[in-house]
Amino acid sequence: MTTATPTVGAGVQATATPGRAARVRKRLNSRTATLVSIVLALLWTVPTFGLFISSFRPEDQIKTTGWWTFFSDPQFTLENYREVLFSTGSSGQLASYFINSLAITIPSVLFPIAFASLAAYALAWINFKGRDWVYIAIFAMQIVPLQMALVPLLKFFSTGVTIAGIQVLPAWGLVDEQKFAQVWFAHTCFALPFAVYLLHNFISQLPGELMESARVDGATHPKIFRTIVLPLITPALAAIGIFQFLWVWNDLLVALIFAGGGNETAPLTVRLAELAGTRGNEWQRLTAGAFVSIVVPLIVFLSLQRFFVRGLLAGSVKG
């Protein structure tokens, strides 16, 4: 009698869960939900489309009429892109800053994903003393505002660490392109708490039978992580990679503080802030420059979005 009660309860719960899922699926597939999705898509797409149209319009047209007048009086030019990408002086040479943004963003995405995935696996499947407290501490670090960490981190780079008058860690003393390392370090530190938290939730829900079978076959933790865990958490890695890429690519504050505003290290966002001119009236530059900055994140999102709809455990426990 003692063993029968949980079995019945589990069966009722298993029966109820598909029913709730079916109701939610039915609501999401209704005409109202479809109409709301179309309206939201239009609200997000129309401004981007207007920006794209404006980037090809002449300066006088941009400053005197709205982008929708392009259809009644179409005038097309590539001068805006030529000016912001290749012209010399204060209005152009965006291409070099584009390379700086790539140099900052790619490592700032790969480092936290690599470290967070290793840490999340260790916190989920390796038993060691104080594991729960370490996880709680990492989770609590998410509440620390980024702005509060900028000054201590900048002091760490410039003067090092001194304890009781003893120099524990020296100053970094980086110059020019070497300052990219400071930006990578800062973005990695800021991204790790959320990335570890999210990946831990994915990894801890993996079937224990997979891990036990691998251990019985003699697999070590590195092999289990490489051959079993990584393929199953690909959707989570893709999601974190997209969010981190968008955050770093659009960042101005962190890159400006730790890399400076010089031509050698300044990212695209720094240059975009200067394109409007001293009086903020050079709108034709902003339209072309802003759309150039959108292209790369758009490519990244479209290339990785398929991972969002892939089943997390599809085919992993067959047979």
Side-chain angles (χ1 to χ4, degrees), residues 84 90 92-119 137-163 166-199 237 240-276 278 286 289-290 292-297 300:
V84 300
S90 60
Q93 295 182 338
L94 202 64
S96 60
Y97 293 85
F98 191 90
I99 301 300
N100 291 343
S101 287
L102 288 177
I104 289 174
T105 304
I106 294 176
S108 297
V109 172
L110 297 180
F111 288 155
I113 287 180
F115 295 147
S117 59
L118 293 171
I138 293 176
F139 176 79
M141 290 174 63
Q142 297 183 69
I143 67 175
V144 179
L146 182 151
Q147 292 79 5
M148 291 184 61
L150 293 179
V151 174
L153 197 56
L154 185 61
K155 185 177 180 181
F156 167 71
F157 292 142
S158 59
T159 62
V161 178
T162 302
I163 301 178
I166 301 175
Q167 187 79 21
V168 179
L169 293 175
W172 288 36
L174 304 179
V175 296
D176 297 334
E177 290 84 356
Q178 296 175 352
K179 291 184 178 180
F180 283 145
Q182 297 181 167
V183 187
W184 301 338
F185 187 89
H187 279 303
T188 300
C189 292
F190 296 145
L192 275 178
F194 176 72
V196 172
Y197 168 72
L198 185 61
L199 288 176
L237 295 178
I240 294 175
I242 289 176
F243 289 129
Q244 179 67 2
F245 189 96
L246 295 176
W247 160 250
V248 178
W249 184 267
N250 295 323
D251 170 70
L252 173 63
L253 180 63
V254 175
L256 186 60
I257 290 177
F258 296 116
N263 297 340
E264 300 83 5
T265 56
L268 193 63
T269 50
V270 173
R271 193 56 171 171
L272 286 176
E274 302 171 351
L275 287 180
T278 56
L286 284 180
V292 168
S293 68
I294 291 175
V295 171
V296 173
V300 171

Q. Can you tell me if T265 uses its side chain to pair, donor with acceptor, with the backbone of K179 under 3.5 Å?
A. no
Contacts of [X] that satisfy side chain to side chain contact (heavy atoms under 4.5 Å, CB included) - sequence neighbours left out:
{"X": "L237", "result": "I113, S117, L199, L230, I233"}
{"X": "V161", "result": "F156, I163, V168, L169"}
{"X": "A103", "result": "F180"}
{"X": "V295", "result": "F291, I299"}

Sequence neighbours excluded, the answer for side chain to side chain donor-acceptor pair (under 3.5 Å) partners of T159 is none
Cut-off 3.5 Å, no hydrogens considered: what does the side-chain donor-acceptor table look like for residues 245-257, sequence neighbours left out?
unit_1 : atom_1 : unit_2 : atom_2 : d
W249   : NE1    : S293   : O      : 2.8
N250   : ND2    : L246   : O      : 3.1
D251   : OD1    : V254   : N      : 3.3
D251   : OD2    : V254   : N      : 3.2
D251   : OD2    : A255   : N      : 3.0

Set of residues satisfying ring-ring contact (aromatic ring centres under 6.0 Å, His included) with respect to [X], sequence neighbours excluded:
{"X": "W184", "value": "none"}
{"X": "F115", "value": "none"}
{"X": "F258", "value": "F157"}
{"X": "F111", "value": "none"}

So how far is it from [X] [atom1] to [Y] [atom2], rounded to the nearest 0.5 Å?
{"X": "F98", "Y": "L268", "atom1": "CZ", "atom2": "CG", "value": "7.0 Å"}
{"X": "S158", "Y": "Q182", "atom1": "OG", "atom2": "CD", "value": "8.5 Å"}
{"X": "M141", "Y": "F190", "atom1": "CE", "atom2": "CZ", "value": "10.0 Å"}

Which atom pair, heavy atoms only, marks the closest approach of [X] to [Y]?
{"X": "Q244", "Y": "H187", "result": "NE2-O, 3.8 Å"}
{"X": "A116", "Y": "L192", "result": "N-CD2, 3.8 Å"}
{"X": "N100", "Y": "P267", "result": "CB-CA, 4.3 Å"}

